[in-house]
Amino acid sequence: TDNDLSKAKRPLHTLPVGGLVTAQLPVLPERSPGLVVFEAESLRLQSPMQSQDETAVASRTVIGVPLSGGRDLGAARCRFEVSTPGDYVIWVHVFAESSESDSFYASIDRGPVSLSDVALRGRWCWDQVRNRVDGKPGKEPSTFALSKGVHSLLIRNRECNTRIDAIVIVRRDLSYVPVQTGPEVR
């Protein structure tokens with residue numbers, strides 16, 4: 001028949017749901033077991049999400065959707081690898097200018113989406129992704145159960161002008177709190 005691939009020179013690979021979207025994304029490595037650290041501009045951006053110059057951060061580049069870009073439009077994606085299974089949390093180095101630009105969405109492996117509100121406004125800060133509960137900012141960080149291997153991260157715009165500089169994905173039991181020291185995240 002026309003669909004007989006048994007003699008194909010290259011085997012046909014089946015992709016998981018969403019696999020076609022993530023198949024071409026770079027895989028960001030761990031810095032150490034259970035700790036993945038990367039600059040936000042290393043993610044693949046979907047318009048109107050874009051890289052923007054920002055002199056207030058060490059990398060001089062952040063991602064975000066400008067005010068003219070529209071609410072709930074634009075995204076950033078990457079794949080990352082962890083060598084140890086466990087419950088992971090996401091830290092984001094973020095700037096929220098006002099209550100009109102202080103939230104974004106985050107999910108891993110097409111799982112539950114966290115609508116995360118930035119805790120501080122008017123300055124750069126490290127903040128954990130927390131899911132909104134009953135219309136109010138969540139108190140506890142969102143937890144993502146990850147197996148050993150490659151996973152996909154999706155950051156989506158909710159409010160324009162929320163800016164992200166760097167992202168840390170860390171196993172929760174490591175009790176890691178990122179610190180910006182010049183161009184390095186420690």
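The chain is numbered in sequence order, starting from 1. None of these values were measured; they are calculated from a predicted model.
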Please assess V170 against V36 for the test side chain to side chain contact (heavy atoms under 4.5 Å, CB included), listing each intermediate value before the final yes or no.
-> CA-CA 6 Å; V170 61; V36 182; over 6 Å; no
What's the shortest heavy-atom distance between [X] and [Y], and which atoms?
{"X": "A106", "Y": "I155", "value": "CB-CD1, 3.9 Å"}
{"X": "A75", "Y": "R156", "value": "CB-CG, 3.9 Å"}
{"X": "C78", "Y": "L43", "value": "CB-CG, 3.9 Å"}
{"X": "G69", "Y": "C160", "value": "C-SG, 4.1 Å"}
{"X": "R44", "Y": "P26", "value": "NH2-CD, 4.0 Å"}

Could you state whether I63 and I108 fall into the same hydrophobic cluster, counting links through intermediate Ile, Leu, Val, Met, Phe, Trp or Tyr residues with side-chain heavy atoms under 4.5 angstrom apart?
->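 Shared cluster, yes.
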Could you state whether Y88 and V129 fall into the same hydrophobic cluster, counting links through intermediate Ile, Leu, Val, Met, Phe, Trp or Tyr residues with side-chain heavy atoms under 4.5 angstrom apart?
->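 Looking at the clustering, V129 is in the same group as Y88.
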Report the C-alpha separation of N157 and T162 in whole Å, then their side-chain angles, then the decisive distance to 0.1 Å, and conclude whether the side-chain hydrogen bond (donor to acceptor under 3.5 Å, both in side chains) test is met.
-> CA-CA 8 Å; N157 176 53; T162 303; 5.4 Å; no
Which pairs, with at least one residue in residues 81-91 and sequence neighbours excluded, count as a salt bridge (charged side-chain N to carboxylate O under 4.0 Å, His left out)?
->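 Not a single pair qualifies under salt bridge (charged side-chain N to carboxylate O under 4.0 Å, His left out).
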Sub-4.5 Å side-chain heavy-atom contact between [X] and [Y]:
{"X": "I164", "Y": "H93", "answer": "no"}
{"X": "V92", "Y": "V168", "answer": "no"}
{"X": "V177", "Y": "W91", "answer": "yes"}

Just grab all the side-chain hydrogen bond (donor to acceptor under 3.5 Å, both in side chains) pairs involving residues 64-74, residues at least two apart or on different chains.
->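 Only D72-Y105 qualify under side-chain hydrogen bond (donor to acceptor under 3.5 Å, both in side chains).
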Rounded to the nearest 0.5 Å, how far does CH2 of W124 lie from CG of D165?
->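 Taking CG in D165 and CH2 in W124, the distance rounds to 5.0 Å.
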How many angstroms lie between atom CZ of R158 and atom OG of S103, to the nearest 0.5 angstrom?
->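 So the CZ of R158 and the OG of S103 are separated by 4.0 Å.
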Apply the test side chain to side chain contact (heavy atoms under 4.5 Å, CB included) to residues V89 and Y176: give CA-CA distance (whole Å), side-chain angles for both, the deciding distance (0.1 Å), then the verdict.
-> CA-CA 10 Å; V89 296; Y176 177 88; over 6 Å; no
Can you list every ring pair (Phe, Tyr, Trp, His ring centres under 6.0 Å) pair that touches residues 149-174, not counting sequence neighbours?
->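 Matches after skipping sequence neighbours: F80-H151.
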Does D134 come within less than 4.0 Å of K136, counting only side-chain N to carboxylate O?
->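 Here D134 does not pair with K136 in a salt bridge, since their nearest N and O are not under 4.0 Å apart.
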Determine, for E140 against R172, whether the closest basic-nitrogen to carboxylate-oxygen distance falls under 4.0 angstrom.
->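 Looking at E140 and R172, the cut-off is met.
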Could you give the side-chain donor-acceptor pairs of residues 114-122 under 3.5 Å, partners two or more places apart or in another chain?
residue : atom : partner : partner atom : Å
S114    : OG   : S142    : OG           : 2.7
S116    : OG   : R130    : N            : 3.1
S116    : OG   : R130    : O            : 3.4
D117    : OD1  : R132    : NH2          : 2.4
D117    : OD2  : R132    : NE           : 2.9
D117    : OD2  : R132    : NH2          : 3.4
R121    : NE   : D102    : OD2          : 2.9
R121    : NH2  : D102    : OD2          : 2.7

Partners meeting side chain to side chain donor-acceptor pair (under 3.5 Å) with S99 (sequence neighbours left out) =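 Counting only residues at least two positions away or on another chain, S99 forms no side chain to side chain donor-acceptor pair (under 3.5 Å).
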Where the side chain of R79 meets the backbone of L25, is there a donor-acceptor pair that is under 3.5 Å apart?
->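 Judged by distance alone, yes, a pair lies under 3.5 Å.
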Residues L153, F38; criterion side chain to side chain contact (heavy atoms under 4.5 Å, CB included); working and verdict | CA-CA 12 Å; L153 170 68; F38 51 93; 3.8 Å; yes
Evaluate the criterion side chain to side chain contact (heavy atoms under 4.5 Å, CB included) for residue pair E30 and V82; output intermediate values, then yes/no.
-> CA-CA 6 Å; E30 285 181 308; V82 294; 3.8 Å; yes
Would you tell me whether S152 and R110 have side-chain atoms, one donor and one acceptor, within less than 3.5 Å of each other?
->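 There is no such pair between these side chains.
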Side chains of T61 and E41: donor-acceptor distance under 3.5 Å anywhere?
->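 No, no side-chain donor-acceptor pair sits under 3.5 Å.
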Please list every donor-acceptor pair under 3.5 Å in which a side-chain atom of residues 45-57 meets a protein atom from a residue at least two apart or in another chain.
residue : atom : partner : partner atom : Å
Q46     : OE1  : R77     : NH1          : 2.9
Q50     : NE2  : P48     : O            : 3.4
Q52     : NE2  : G64     : O            : 3.2
E54     : OE1  : R163    : NH1          : 3.1
E54     : OE2  : A56     : N            : 3.2

So which of I90, I169, D109 actually passes side chain to side chain contact (heavy atoms under 4.5 Å, CB included) with F144?
->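 Only one of I90, I169, D109 forms a side chain to side chain contact (heavy atoms under 4.5 Å, CB included) with F144, namely I90.
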Verdict with supporting geometry, E159 and S101, side-chain hydrogen bond (donor to acceptor under 3.5 Å, both in side chains) = CA-CA 5 Å; E159 295 175 310; S101 63; over 6 Å; no
